[in-house]
Asks: 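Quick one: the structure is below, and I'll ask about it shortly.
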There are 2 protein chains.
Amino acid sequence: MRTERPRRHGGGATSGAAPGPGARAAEHGAHKAGPEPRDAAPAVSGPGLRRGATRRKLFDAAVTLIAEQGFSATTVDEIAERAGVAKGTVYYNFASKNVLYEELLRDGVDLLATSLQEAADRAVHAGGTRVDALDAMIRAGLDFIAGSPSLTQLYVAELWRTNRVWQPTLQSVRGRAVAVVESVLRDAVAVGELSEELDIPLTASALLGMVLVAALDWLSFQPHRSVEDVHASLSRLLQGRVSPVRPG
Amino acid sequence: MRTERPRRHGGGATSGAAPGPGARAAEHGAHKAGPEPRDAAPAVSGPGLRRGATRRKLFDAAVTLIAEQGFSATTVDEIAERAGVAKGTVYYNFASKNVLYEELLRDGVDLLATSLQEAADRAVHAGGTRVDALDAMIRAGLDFIAGSPSLTQLYVAELWRTNRVWQPTLQSVRGRAVAVVESVLRDAVAVGELSEELDIPLTASALLGMVLVAALDWLSFQPHRSVEDVHASLSRLLQGRVSPVRPG
DNA sequence: ACTTTTAGACTGACCAGTCAGAACAAAGGA
DNA sequence: TCCTTTGTTCTGACTGGTCAGTCTAAAAGT
């Protein structure tokens, strides 16, 4: 599928079809009529139905398939099959393949930002320094990536692509993750733990990149190593480093 | 296209078609007959013909399109159009879309490894320390990425995908790039500039990741900044850091 | 009673790859 | 200088498989 340039498929956008029950679509560009997906927000929850479980299954199936093959190369039939549901179910739960993907990204990466934030808060509340907080975030990042390598994979593959329909989604999520790191860095500078010359945004993305790439490399090429081990190495790289300027 | 699982298209693999002129193919799994691509090696050169120029144009067109849209979402027709040639020309010059992509990756990323190596050598020969060499490599990396952001994009999107037909190609190239960094790190440790506790492979990939991600972020989100500026920031991050262990 | 899932046939656009011939270049030949 | 020849490179209409998305009637869940 060309993804970027929307097609207009099938029976001409359900032209003039009977409105069917509940046509309250008011999100995403333009839905159609029919039994369609009622709301996009509650990704996995909602007033007690099976939908939550089904959506979860679809996310899980989609994330691994897409990480392996790429978005366009992954077919809806495959996703349905791996999730163990009928193709129609996919379309009952998501307006389109694109929407499924977009919600998947949002759902997943939200978790990362949250997890980083919590790790930082915990470290600071436990009386650690800001650098300790950074270290805790590295650990949290590694744990998260180890737990969802496919998702990380997707994230890395998509983030810097411009012109994709789900770019806005990704950008906003990226913003959240980076913001967490940046705020810790800012605090650290304010408190005097780090040099004032520090370029906050750039350092934040460099750190994120360091963890991301190191983690993916670890999982791909040295999977036998333990998280602790990897964390220790990165930590050493950080500890000696993001500290106050040295003379010279 | 499903890319990973090869299709079998068109008229049954040119069944029994007239061999046509020059059928000396002896590379790539199994070519067919016909006027086909004569050799894959000379990406852009060769005994004086137009092919070189055409291939270059196709590489250029393909790299940007694929960086923007992804491999499967990019059609051969688009590539041909952007390159200003007919679709048939693509297939005259490359056995398939896959092969085009593979050669493109090889061609491009080879340049990166070479450029890193040269930068390192230059720094060392100029009498600098190993850390200076690392610094020079960061700079070379930034320059390279700034010059070919699309290529970098592709690289990042593909590297950790398993199960792709061009994985071997990428792996070998990645190996070359990482090897350059690792050798400098190893030297530095040997000479005593860096701690012996340093985890060479992991640090190498972390550094590469740092530069990669920082550069892509820079180009995407703060394009107005100068290379010098970005380099300085990363350099600071490095200088204070990958140095001998500190007490404590 | 209402919501969700099923199986799968169907549609229409789409796209990788093909092929027969046209355009082009180099090297004589008159 | 102007053909003719021969091999190379390019062209674009065409073929046949593929896939997103639709639809239906009935079954399953709550």
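Order of the sequence lines fixes the chain letters, A, B, ..., with proteins taken first and strands second; residue numbering starts at 1 for each chain. All values below come from the heavy atoms of this structure, side chains included, with hydrogens, waters and symmetry mates left out.
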Asks: What nucleotide, of dC19(D), dC10(D), dG17(C), holds the atom closest to the side chain of K97(B)?
Replies: dG17(C)
Asks: Given atom CD1 of I79(A) and atom P of dG21(D), what is their separation to the nearest angstrom?
Replies: 10 Å
Asks: Mind jotting down which residue pairs meet the salt bridge (charged side-chain N to carboxylate O under 4.0 Å, His left out) criterion with at least one end in residues 148-159 of chain A? Sequence neighbours excluded, please.
Replies: E158(A)-R161(A), E158(A)-R164(A)
Asks: So that I can tick it off, tell me whether R225(A) and D217(A) are bridged by a salt bridge, with the cut-off set at under 4.0 angstrom between side-chain N and carboxylate O.
Replies: no
Asks: Just the rounded figure in Å: distance from C1' of dA20(C) to OH of Y91(B).
Replies: 18 Å
Asks: D77(B) has an atom CG; how far is it from atom P of dC14(D), in whole Å?
Replies: 15 Å
Asks: What is the separation between atom CZ on F71(A) and atom C1' on dA20(D), rounded to the nearest whole Å?
Replies: 10 Å
Asks: Measure from CD on E78(B) to P on dG17(C) and round the result to the nearest Å.
Replies: 15 Å
Asks: From CG of N93(B) over to P of dG17(C), roughly how many Å is that when rounded to an integer?
Replies: 15 Å
Asks: When you measure from the side-chain N and O atoms of N98(B) to the phosphate of dA16(C), is any distance below 4.0 Å, counting only OP1 and OP2?
Replies: no
Asks: Considering only nitrogen or oxygen atoms on both sides, find all protein atoms under 3.5 Å from nucleotides 6-8 of chain C and state each distance.
Replies:
from	atom 1	to	atom 2	distance (Å)
dT6(C)	OP2	A86(A)	N	3.0
dT6(C)	OP2	T89(A)	OG1	2.4

Asks: Should V211(A) and L207(A) count as side-chain neighbours, where that means a heavy-atom distance under 4.5 Å?
Replies: no
Asks: Does one side chain, of E102(B) or N98(B), offer a donor that lies under 3.5 Å from an acceptor on the other?
Replies: no
Asks: Please give, in whole Å, the distance from dA16(C) P to E81(B) CD?
Replies: 13 Å
Asks: Round to a whole Å and report the spacing from CZ of R55(B) to P of dT8(D).
Replies: 16 Å
Asks: For the side chain of S148(B) and the backbone of I145(B), is there at least one donor-acceptor N/O pair under 3.5 Å apart?
Replies: no
Asks: Can you confirm whether L116(A) sits close enough to R176(A) that some side-chain heavy atom of one is under 4.5 Å from a side-chain heavy atom of the other?
Replies: no
